[in-house]
Amino acid sequence: MRNRILFCLMVMFTCIACSEREYNEDTIEEQISDTVTSTMTQESFVSNSTTLNYWLYTPAKVENNMPLLIYLHGGSGKGSDLNIILENGFPKYLHDGDLGNLNAYVIIPQLSKDIIGWSNIATILKELITSTATKFHCDNTCISITGHSMGGTGTWSIAAKFPKLFYRIAPLSGSITNTEANVTSLKESNIWAFVGSADVIVNPQSTIDFIKELNTYNSKYTIINDATHFDVPQAYVSQEYKLVDWLLGE
């Protein structure tokens with residue numbers, strides 16, 4: 001009888017220990033999964049002896065068929081130090097976590113000082129976009145582009161050159177020439193442009209006139225009252241507009 005009691009006690013303690021171990025392992029796995037975060041890494045893309053440096057944002061939870069977003073910086077972001085780009089606007093919001101954890105990949109390239117504007121590297125930029133989309137199995141039907149100031153102008157020009165590449169485009173404080181070629185190219189594009197009523201650096205009227213000329217249901221503009229040229233990027237974090245969600249198709 002005594003041996004039987006001891007055997008039962010040993011079995012009971014073994015079961016308890018196993019249960020505790022399984023619980024602890026599950027808890028550890030859960031804690032590990034909770035600590036997985038998004039990353040921003042400095043990358044380089046080389047094509048025809050031209051090097052394009054860029055930030056790559058990788059989402060915390062990686063899946064196939066994720067959206068891809070491209071951001072084009074303004075004139076102050078030019079150079080050879082990628083950290084300059086993180087000083088303001090969308091890149092700063094993304095880096096500081098103000099946009100939350102985006103369920104998308106993001107490319108933020110940098111122009112060198114000897115390049116005038118984004119249209120001058122349109123081909124290599126397209127190569128970077130398509131290469132990234134292929135490498136990370138992104139959703140080719142959900143590639144969007146946005147930018148501010150010179151980047152807003154670049155958004156217009158790159159989208160006009162490759163209109164079928166982009167799902168949605170959002171130029172902020174950019175400039176576009178109201179030509180028949182541009183109107184024809186962007187007629188079917190999904191566009192949401194932003195300008196500030198107090199912008200004295202880039203005339204917001206070029207954007208307004210162009211959207212009116214398009215006269216399509218899938219293109220619109222928003223005038224932010226009393227906003228200066230450098231106030232407009234706040235649209236990225238505005239809960240009123242939810243611009244980033246729109247760009248990602250959410």
Side-chain angles (χ1 to χ4, degrees), residues 38 40 45 52 54-73 89-91 93-94 99-109 118-119 121-148 151-174 176 181-195 207 210-211 213-222 232-233 235-238 240-250:
S38 58
M40 288 186 69
F45 180 78
L52 184 60
Y54 65 99
W55 284 104
L56 174 67
Y57 172 91
T58 302
K61 185 178 180 182
V62 173
E63 300 175 344
N64 286 336
N65 295 315
M66 301 192 82
L68 174 61
L69 178 62
I70 296 85
Y71 174 82
L72 306 181
H73 65 71
F90 176 87
Y93 299 144
L94 183 64
L99 298 173
N101 290 314
L102 299 187
N103 293 317
Y105 287 92
V106 182
I107 298 172
I108 308 176
W118 292 104
S119 60
I121 62 160
T123 300
I124 186 174
L125 185 58
K126 182 187 179 185
E127 290 176 6
L128 170 60
I129 294 169
T130 55
S131 174
T132 302
T134 299
K135 179 179 180 179
F136 296 107
H137 307 286
C138 295
D139 183 354
N140 287 321
T141 67
C142 195
I143 299 175
S144 297
I145 186 168
T146 185
H148 173 250
T153 300
T155 297
W156 280 121
S157 63
I158 300 299
K161 191 171 182 64
F162 310 113
K164 296 186 181 301
L165 179 62
F166 300 108
Y167 168 57
R168 288 175 174 172
I169 73 171
L172 276 63
S173 304
I176 182 169
N182 282 337
V183 170
T184 300
S185 181
L186 293 168
K187 197 74 173 180
E188 298 181 7
S189 297
N190 296 306
I191 304 168
W192 191 1
F194 285 78
V195 296
T207 290
F210 185 75
I211 295 293
E213 183 67 26
L214 283 176
N215 191 30
T216 59
Y217 71 92
N218 52 334
S219 60
K220 61 181 179 179
Y221 65 88
T222 293
V232 175
Y236 289 119
V237 288
S238 168
E240 176 183 357
Y241 306 125
K242 296 185 177 180
L243 174 58
V244 176
D245 290 345
W246 179 82
L247 284 164
L248 301 181
E250 297 180 0

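All heavy atoms count here, side chains included; hydrogens, waters and symmetry mates do not.
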Heavy-atom distance under 4.5 Å between the side chains of [X] and [Y], does that happen here?
X: P171; Y: T207; result: no
X: L69; Y: Y105; result: no
X: V237; Y: L99; result: yes
X: Y54; Y: I108; result: no
X: M66; Y: P59; result: yes
X: I191; Y: W156; result: yes

Are the side chain of [X] and the backbone of [Y] linked by a donor-acceptor contact shorter than 3.5 Å?
X: T184; Y: A181; value: no
X: S238; Y: E240; value: yes
X: D245; Y: E250; value: no
X: T155; Y: G147; value: yes

For the pair I70 and L128, evaluate side-chain contact (heavy atoms from CB on, under 4.5 Å) and give the outcome as yes or no after the intermediate values.
CA-CA 10 Å; I70 296 85; L128 170 60; over 6 Å; no
Could you tell me whether the side chains of W118 and T153 share a donor-acceptor contact shorter than 3.5 Å?
no
What are the two closest heavy atoms between [X] and [Y], and how far apart are they?
X: L125; Y: P109; value: CD1-CG, 3.9 Å
X: G89; Y: P233; value: CA-CB, 4.2 Å
X: Y236; Y: V244; value: O-CG2, 3.7 Å
X: N190; Y: Y167; value: ND2-O, 3.0 Å
X: A170; Y: L247; value: CB-CD2, 3.8 Å

Can you measure from [atom1] ([X]) to [atom2] ([Y]) and round to the nearest 0.5 angstrom?
X: I121; Y: E127; atom1: CD1; atom2: CD; value: 10.5 Å
X: F136; Y: N65; atom1: CZ; atom2: CG; value: 14.5 Å
X: L102; Y: L248; atom1: CG; atom2: CG; value: 6.0 Å
X: S119; Y: I158; atom1: OG; atom2: CD1; value: 6.5 Å
X: I129; Y: I124; atom1: CD1; atom2: CD1; value: 11.0 Å
X: L172; Y: L72; atom1: CG; atom2: CG; value: 11.5 Å

Applying side-chain hydrogen bond (donor to acceptor under 3.5 Å, both in side chains) as the test, list every pair that has at least one member in residues 128-141; sequence neighbours left out.
D139-T141
Among W246, F90, Y241, whose ring-ring contact (aromatic ring centres under 6.0 Å, His included) with F194 holds?
Y241
Could you walk me through whether Y57 and W55 pass the ring-ring contact (aromatic ring centres under 6.0 Å, His included) check?
CA-CA 6 Å; Y57 172 91; W55 284 104; over 10 Å; no
Listed partners of T216 passing side-chain contact (heavy atoms from CB on, under 4.5 Å), at least two apart:
K187, L214, N218, S219
